[in-house]
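These values consider heavy atoms only, across backbone and side chains, with no hydrogens, waters or symmetry-generated copies. On a predicted model such as this, the values are computed, not experimentally measured, just so you know. Sequential numbering from 1 along the given sequence is applied to the chain's residues.
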Amino acid sequence: MNELVGRVGVVTGAGSGIGRGIALGLADERMTVAVADIHRDSAESVASEINDRGGRAYPVVVDVTSFDSLTAAAATVAGESGGAHLLCANAGVLARIASLDEHTIEDWEYTISVNLLGVVKTVKAFLPQLRERAPDAHIVNTASLGGLIATEGFPIGAYIASKYACVGYSEMLRAELASQGIGVSVLCPGVVESQLVNTSSRNRPGAFGEQAGPVPFGARSESTPRTITAMPAEDVGPIVVDAVRANRLHVLTHPESRPAVEKRFRAILDDFDHAADRKSKSGA
């Protein structure tokens with residue numbers, strides 16, 4: 001999808017953080033942006049920011065855990081701007097910073113309902129519009145660097161598991177939609193400035209229990225032993241734009257994380273070598 005000017009982009013979770021950064025990046029390319037968020041005030045604020053900068057955007061209120069809400073949002077986008085060319089399924093949550101044993105079942109259910117099923121439902125709701133615009137259509141699903149490696153020093157197991165699943169879903173989706181002329185990318189950002197824990201707490205329905213208290217990623221603590229400099233969220237937008245134009249599968253923000261990913265895959269290959277050696281010795 002090379003031409004973005006005049007096209008329509010939809011971004012969920014666009015009221016703050018990475019979603020806002022993507023929305024601003026799309027607007028800078030003169031796309032019309034549907035700023036979708038569970039909170040009307042957040043969606044309206046980012047849409048107004050874009051419009052004040054000379055772009056074109058409008059707010060859409062949506063709950064990505066509800067397919068009915070998403071189909072209503074898709075109808076709104078169709079009515080307002082004719083339908084989506086680019087879908088960024090970005091909404092995500094971080095339910096708890098604690099060991100896996102300390103994660104509650106409600107933490108798992110909340111995490112999966114947004115980070116995995118929320119992406120699946122978002123794609124399902126907007127795919128008919130994207131098919132109408134193919135090959136001028138693309139999907140970007142937001143996972144995490146934690147969807148490629150289990151991040152040592154960050155006890156966020158449910159989040160990691162959900163992001164691994166999002167990466168796998170996106171890779172399968174890309175393979176299935178390629179013949180239909182729809183590109184698929186999965187955004188795997190490292191640490192980016194956001195209020196993810198705070199917004200996760202704010203958005204967490206009572207049915208999913210109590211949210212854990214916030215632990216800022218930039219602070220030193222038992223959960224975050226290293227001081228980390230977070231990327232400004234606004235810097236993610238141009239990275240996503242470049243990946244859409246190039247039809248990249250994995251969209252990476254922190255190339256310095258490559259050694260950690262290589263370490264993981266070397267361990268996998270070592271296990272293949274072990275399996276091959278064992279098979280050879282057994283004569284199978």
Side-chain angles (χ1 to χ4, degrees), residues 1-92 113-114 117-142 169-170 173 176-177 180-185 187 199 203 205 237 240-241 244-245:
M1 183 177 175
N2 292 314
E3 184 55 65
L4 301 182
V5 177
R7 304 298 192 262
V8 179
V10 178
V11 186
T12 64
S16 63
I18 290 174
R20 172 181 165 274
I22 295 173
L24 294 176
L26 301 186
D28 286 344
E29 299 297 321
R30 292 190 287 166
M31 295 188 77
T32 296
V33 184
V35 180
D37 198 88
I38 195 170
H39 292 291
R40 181 179 297 277
D41 56 345
S42 299
E44 290 177 343
S45 175
V46 175
S48 294
E49 182 180 3
I50 290 171
N51 290 328
D52 289 346
R53 288 167 50 162
R56 184 172 186 273
Y58 56 90
V60 179
V61 179
V62 69
D63 176 359
V64 300
T65 68
S66 166
F67 189 64
D68 287 343
S69 178
L70 283 159
T71 55
T76 297
V77 172
E80 287 279 348
S81 48
H85 297 82
L86 172 60
L87 173 66
C88 298
N90 168 77
S113 74
V114 179
L117 291 179
V119 172
V120 173
K121 292 175 182 178
T122 301
V123 171
K124 186 79 169 178
F126 282 92
L127 192 53
Q129 295 182 16
L130 297 169
R131 284 192 170 118
E132 289 179 359
R133 283 147 186 79
D136 196 18
H138 200 94
I139 296 168
V140 179
N141 296 326
T142 297
Y169 166 74
S170 300
L173 187 68
E176 292 183 1
L177 295 183
Q180 301 177 38
I182 300 174
V184 177
S185 302
L187 172 61
T199 56
N203 299 341
V240 169
V241 167
V244 169
R245 286 201 167 108

Value rounded to 0.5 Å, distance of [atom1] in [X] from [atom2] in [Y]:
| X | Y | atom1 | atom2 | result |
| --- | --- | --- | --- | --- |
| R56 | I50 | CZ | CD1 | 11.5 Å |
| D136 | E3 | CG | CD | 8.0 Å |
| L86 | M31 | CG | CE | 4.5 Å |
| L4 | T32 | CG | OG1 | 11.5 Å |
| S66 | I38 | OG | CD1 | 9.5 Å |

If every non-hydrogen atom of [X] is compared with every non-hydrogen atom of [Y], which pair is closest and at what distance?
| X | Y | result |
| --- | --- | --- |
| A34 | V77 | CB-CG2, 3.9 Å |
| V35 | A14 | CG1-CB, 3.6 Å |
| D37 | S42 | OD2-CB, 3.9 Å |
| A91 | T12 | N-OG1, 3.2 Å |
| G92 | V114 | CA-CG1, 3.8 Å |
| A125 | A74 | O-CB, 3.8 Å |

Whether the side chain of [X] engages the backbone of [Y] through a donor-acceptor N/O pair (distance < 3.5 Å, no angle test) should be reported.
| X | Y | value |
| --- | --- | --- |
| S45 | D41 | no |
| N51 | A57 | yes |
| T65 | S113 | no |

Heavy atoms, side chains only, cut-off 4.5 Å: are [X] and [Y] in contact?
| X | Y | value |
| --- | --- | --- |
| R245 | E29 | yes |
| V60 | V10 | no |
| N141 | L173 | yes |
| L70 | K124 | no |

Name the one of V184, V123, L130 that satisfies side-chain contact (heavy atoms from CB on, under 4.5 Å) with L177?
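Of the listed options, the one satisfying the test is V184.
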Decide yes or no on side chain to side chain contact (heavy atoms under 4.5 Å, CB included) for Q129 and L87, but give the supporting numbers first.
CA-CA 10 Å; Q129 295 182 16; L87 173 66; over 6 Å; no
Those residues that, when tested against Q180, pass side-chain hydrogen bond (donor to acceptor under 3.5 Å, both in side chains) (two or more places apart):
R131
Residues 20-27, side-chain donor-acceptor partners within the protein, below 3.5 Å, at least two apart:
| unit_1 | atom_1 | unit_2 | atom_2 | d |
| --- | --- | --- | --- | --- |
| R20 | NE | E49 | OE1 | 3.1 |
| R20 | NH1 | E234 | OE2 | 2.7 |
| R20 | NH2 | E49 | OE2 | 2.8 |
| R20 | NH2 | E234 | OE2 | 3.3 |

Which pairs, with at least one residue in residues 72-86 and sequence neighbours excluded, count as a side-chain hydrogen bond (donor to acceptor under 3.5 Å, both in side chains)?
Y58-S81
